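Each remark here refers to the structure printed beneath this line.
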Amino acid sequence: MNDYDAVIIGAGPIGLACGIELKKAGLNYLIIEKGCLVNSLYHYPMNMTFFSTSDRLEIGEVPFISNNPKPARVEALEYYRRVCSSWELNVRLYEKVKEVKESDEGFSITTTKGKYTSRSVILALGFYDLPYLLNVPGENLPKVKHYYDEPHPYYRQKVAVIGAANSAVDVALETWRKGAEVTMIIRESEIRDSVKYWVKPDIENRIKEGSVTAYFNSSVTRINETQIEIQTPEGNKTLDNDFVMAMTGYQPPFDFMESMGIQFHNDEFHTPVYNEQNMETNVAKLYLAGVVCGGLKTNKWFIENSRDHAKLIVKDLTGSSR
């Protein structure tokens, strides 16, 4: 059967939370995911730990017991697999949605593996697939990475880390501790205040003692096989370099959203238009859930503060006052 009350696009934690609430309400639903289960979390660095404690990552009344004060990536992957199995969620993995169109039935959804109709669609999209590009010559070289997994390949290598937020700081510290020669190139005048409070003093002290070199108010202008060129307040510099870790952040799939008719506010974050009471966009029965609600402000919505989006949506779909 390819006809549903709701189709959820995205099998991250919030997409799973939406599936759970729909199932509890007795609605016929399907979750479609272009990658693996919790695909964005899977692509996080192997040794990553969460900012939140495990109880703040829980969904579906399934306990999340961690061995550490703050859970690790591998524990989160295990937890969300358990949630999906416990609730026997209807999830189709490695199936990319190509098009969503309004139809007589509500919506017509075309994927790489089939077609579906649904009376509503919930976009629980992540933003990890579209990195902000540097837009400089040489960015397409294999040595330039927009994703980071583990430090071992960078042992005894000259690594340039671009960025000043959590990802950049984590990469700089972890690769330095595993034997890399690390240089940070930072547009801002200092490490961002949003960096995890237990990590920020660490990187600031490594920079202060000279273990990690940092160029503030600076940017990369060109990359080649053995060097990078940077612009600094003291003038242009050329640095020997083996790898560039461009930890410059990621953005939501705006083109995909616009193709469905979703409108956006004229603000600096390109925030999508939606009703905060029920998460419905300007397109009837097309809903948003999770990080995608923040537009370019990808540090506004997290698992812990967007879990309730699922309940708001199902309340609207059922007309329930619960």
Side-chain angles (χ1 to χ4, degrees), residues 6-23 29-46 48-52 54-62 64 71-97 100 109 111 120-131 147 149 166-167 249-254 256-257 260 262 272 274 279 281 286-314:
V7 164
I8 303 160
I9 302 176
I14 304 305
L16 299 182
C18 290
I20 290 169
E21 293 302 320
L22 288 162
K23 185 168 186 176
Y29 72 95
L30 172 66
I31 305 173
I32 304 176
E33 167 59 54
K34 68 180 180 309
C36 62
L37 191 74
V38 292
N39 192 58
S40 291
L41 297 189
Y42 171 74
H43 284 100
Y44 284 175
M46 288 185 179
M48 189 209 77
T49 57
F50 283 84
F51 189 91
S52 305
S54 58
D55 60 300
R56 292 173 177 260
L57 305 178
E58 290 178 353
I59 58 173
E61 297 88 41
V62 177
F64 186 174
R73 165 188 171 276
V74 66
E75 293 177 306
L77 295 178
E78 169 62 32
Y79 171 72
Y80 291 114
R81 288 197 301 269
R82 184 156 51 89
V83 168
C84 191
S85 297
S86 298
W87 282 93
E88 297 181 335
L89 294 176
N90 187 19
V91 182
R92 297 192 182 177
L93 303 173
Y94 301 101
E95 183 169 351
K96 184 176 181 178
V97 174
V100 177
I109 300 103
T111 75
S120 65
V121 170
I122 302 169
L123 300 183
L125 305 171
F127 59 91
Y128 213 53
D129 296 318
L130 297 171
Y147 299 91
D149 48 10
N166 279 299
S167 295
Y250 308 91
Q251 57 186 309
F254 290 129
F256 181 58
M257 297 167 69
M260 301 178 211
I262 294 176
Y274 68 95
M279 310 309 295
T281 68
L286 175 57
Y287 300 89
L288 302 180
V291 67
V292 71
C293 299
L296 292 173
K297 194 171 185 180
T298 52
N299 63 349
K300 178 178 181 179
W301 295 106
F302 304 95
I303 297 169
E304 62 194 75
N305 66 355
S306 60
R307 292 177 293 186
D308 287 341
H309 290 176
K311 294 180 179 179
L312 295 174
I313 293 169
V314 173

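Excluded from the calculations below are hydrogen atoms, water molecules and symmetry mates; all remaining heavy atoms, backbone and side chain alike, are included. Keep in mind the model is a prediction, meaning the values are calculated, not measured.
- Distance check: Leu288 CG to Ile9 CD1 gives 11.0 Å after rounding to the nearest 0.5 Å.
- Note that the CG atom of Leu89 and the CD1 atom of Ile31 stand 5.0 Å from one another [nearest 0.5 Å].
- Separation of atoms CD (Glu78) and CZ (Arg81) is listed at 4.5 Å; rounding is to 0.5 Å.
- Within the 4.5 Å cutoff, the side chain of Tyr250 has heavy atoms near those of the Tyr147 side chain.
- With a 4.5 Å cut-off on side-chain heavy atoms, Val83 and Ile20 count as touching.
- Separation of atoms OG (Ser54) and OH (Tyr79) is listed at 9.0 Å; rounding is to 0.5 Å.
- Looking at Ile262 and Tyr274, their side chains never come closer than 4.5 Å, going by heavy atoms from C-beta outward.
- Here the side chains of Met257 and Val292 are in contact, with some heavy-atom distance below 4.5 Å.
- For Tyr29, there are no ring-ring contact (aromatic ring centres under 6.0 Å, His included) partners, not counting sequence neighbours.
- With contacts defined as side-chain heavy-atom distances shorter than 4.5 Å, the pair Leu130/Phe254 does not qualify.
- Residues passing the ring-ring contact (aromatic ring centres under 6.0 Å, His included) test with Trp301, sequence neighbours excluded: His309.
- Two residues are said to be in side-chain contact when any heavy atoms from C-beta on lie closer than 4.5 Å; Trp87 and Val62 meet this criterion.
- Summarising the geometry, atom CD1 belonging to Ile109 is positioned 9.5 Å from atom CE belonging to Met260; distances are rounded to the nearest 0.5 Å.
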Going by atom type alone, with no hydrogens or angles, which donor-acceptor pairs under 3.5 Å involve a side-chain atom of residues 34-46 and a protein atom two or more places apart or on another chain?
unit_1 : atom_1 : unit_2 : atom_2 : d
Lys34  : NZ     : Asp129 : OD2    : 2.6
Asn39  : OD1    : Cys36  : N      : 3.2
His43  : ND1    : Asn39  : O      : 2.9

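- Of the possible polar contacts, none joining the Glu21 side chain to the Lys311 backbone as a donor-acceptor pair under 3.5 Å is found.
- The CD1 atom of Ile313 lies 8.0 Å from the CG atom of Leu22; values are rounded to the nearest 0.5 Å.
- Remark: Arg56 CZ is loosely packed, at most 12 non-hydrogen atoms of other residues, nucleotides or ligands lying under 6.0 Å away.
- A heavy-atom distance below 4.5 Å is found between the side chains of Leu296 and Pro252.
- No donor-acceptor pair under 3.5 Å is formed between the side chain of Asn90 and the backbone N or O of Gly19.
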